[in-house]
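The structure appears right after this line, and notes come after that.
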Amino acid sequence: MGWIGETVDSVKSIQIRQLISQVVSLGMIVTSALIIWKGLMCITGSESPVVVVLSGSMEPGFKRGDILFLHMGKDPIRAGEIVVFNVDGREIPIVHRVIKVHERQDTGEVDVLTKGDNNYGDDRLLYAQGQQWLQRHHIMGRAVGFLPYVGWVTIIMTEKPIIKYLLIGALGLLVITSKE
Amino acid sequence: MHSFGFRANALLTFSVTVLALICAMATLSDNLNSPSPSAHVQVSNINWFQKSKGNDEVSMTLNVSANLESLFTWNTKQVFVFLAAEYESPKNSLNQVSLWDGILPSKEHAQFLIHTKNKYRFTDQGSNLRGKEYNLTLHWHVMPKTGKMFADKIVMTGFRLPEEYR
């Protein structure tokens, strides 16, 4: 009970000036995180520069919980690249490898077919009804870098929201009670 | 200052920093490797060649041999290798059709010789394949344990499809 008592005391002893400075520093943390995220969006040209792998369809290369760094750029899409794409009518983006590319002579538009390394067949079953090919506008980015396991943090937080609220609460309490 | 929370925080921050540094060094060390892969591909048979639903389609048997051992470093998880047919047609400036692919889990599997039919359908968008000259390109994607992914290819030219359907 000693620890809780101390915490309650330190919350009670907060001065108004100290409170304001803590709110400001909390604001700085939140805004700098936002700046980093938006800055990454500018540099990589992808609307989500980092994605978490959610399925095992690219195993053993990418497992659930690994994170990928994306880059879009102006370069044309080529076979073998691992792209992240959105299919109309599906909310969750998919990370799969390009196996076929047909690029138009006149317009430069591309028809792309993808497949998960660990899946038996290609992705036409995952596409919208009757859709044969992906176009450029479906593709959010191509994977350029890889970091294992780190994505588990977000998977756990989305699947067990209680842990998320506990963590946010604990961090908030820490910020409020810490001196300096 | 010396509370449990502060110490735990300092320890966590330090260990995450060290881990990030080790990851960065591991992926940078990949640049020191200068691989010298080799590949040879032979089309041993055209099994059939026809027009289906307006598009030319061909089935072939391939002999693929390659030595990709030099791509493996200590930071390599696996190498994804695939063989693609690449050609130009009046409608498309580039057609890339993957014919076969495989995952090399370790250096011991990186020298291989396989005899296979095309795993994915070799279909054109249209009917431009008769007498078509095409390249067979062996591509590989090095997937690291952590960090940057590498990709490269060997282009093999001078393949030609038959003039008539069969």
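Below, chain A is the first sequence line, B the second, and so on; all start at residue 1.
- Residue K145(B) touches chain A through its backbone alone, counting heavy-atom pairs closer than 4.5 Å.
- In this structure, the separation between CG on D66(A) and NZ on K77(B) is 5.5 Å, given to the nearest 0.5 Å.
- Residue contact with chain B, scored on non-hydrogen atoms closer than 4.5 Å, is absent for P76(A).
- Put simply, the side chain of R97(A) reaches to within 4.5 Å of the side chain of F80(B), judged on heavy atoms.
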Evaluation steps, side-chain contact (heavy atoms from CB on, under 4.5 Å), between Q125(B) and W133(A): CA-CA 12 Å; Q125(B) 285 191 328; W133(A) 304 97; 3.5 Å; yes
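- The CG atom of D117(A) lies 10.0 Å from the CZ atom of F82(B); values are rounded to the nearest 0.5 Å.
- The part of I103(B) that comes within reach of chain A is its side chain, from C-beta onward, which places non-hydrogen atoms under 4.5 angstrom from that chain.
- To the nearest 0.5 Å, atom CD of residue Q105(A) and atom OG of residue S93(B) are 5.0 Å apart.
- Between chain A and the residues P105(B), A151(B), P90(B), the largest count of heavy-atom pairs under 4.5 Å involves P90(B).
- Neither the backbone nor the side chain of T137(B) comes within contact range of chain A, judged by heavy atoms closer than 4.5 Å.
- Per-residue counts of heavy-atom pairs under 4.5 Å with chain A were compared for K148(B), H139(B), M149(B); the largest is that of M149(B).
- To the nearest 0.5 Å, atom CG of residue D122(A) and atom OH of residue Y120(B) are 8.5 Å apart.
- By the 6.0 Å contact criterion, CG on L12(B) is enclosed, its count of non-hydrogen atoms from other residues, nucleotides or ligands being greater than 12.
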side-chain contact (heavy atoms from CB on, under 4.5 Å) between E103(A) and N95(B), worked out: CA-CA 6 Å; E103(A) 191 172 74; N95(B) 298 279; over 6 Å; no
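- Only the side chain of E88(B) comes within contact range of chain A, judged by heavy atoms closer than 4.5 Å.
- With contacts defined as side-chain heavy-atom distances shorter than 4.5 Å, the pair Q96(B)/V98(A) does not qualify.
- Interface check for chain B: of the options H102(A), E109(A), K115(A), K100(A), the most heavy-atom pairs under 4.5 Å are formed by H102(A).
- Within the 4.5 angstrom heavy-atom criterion, atoms from both the backbone and the side chain of K91(B) approach chain A.
- The two residues R104(A) and N92(B) come nearest to each other via the heavy atoms NH1-OD1, 2.8 Å.
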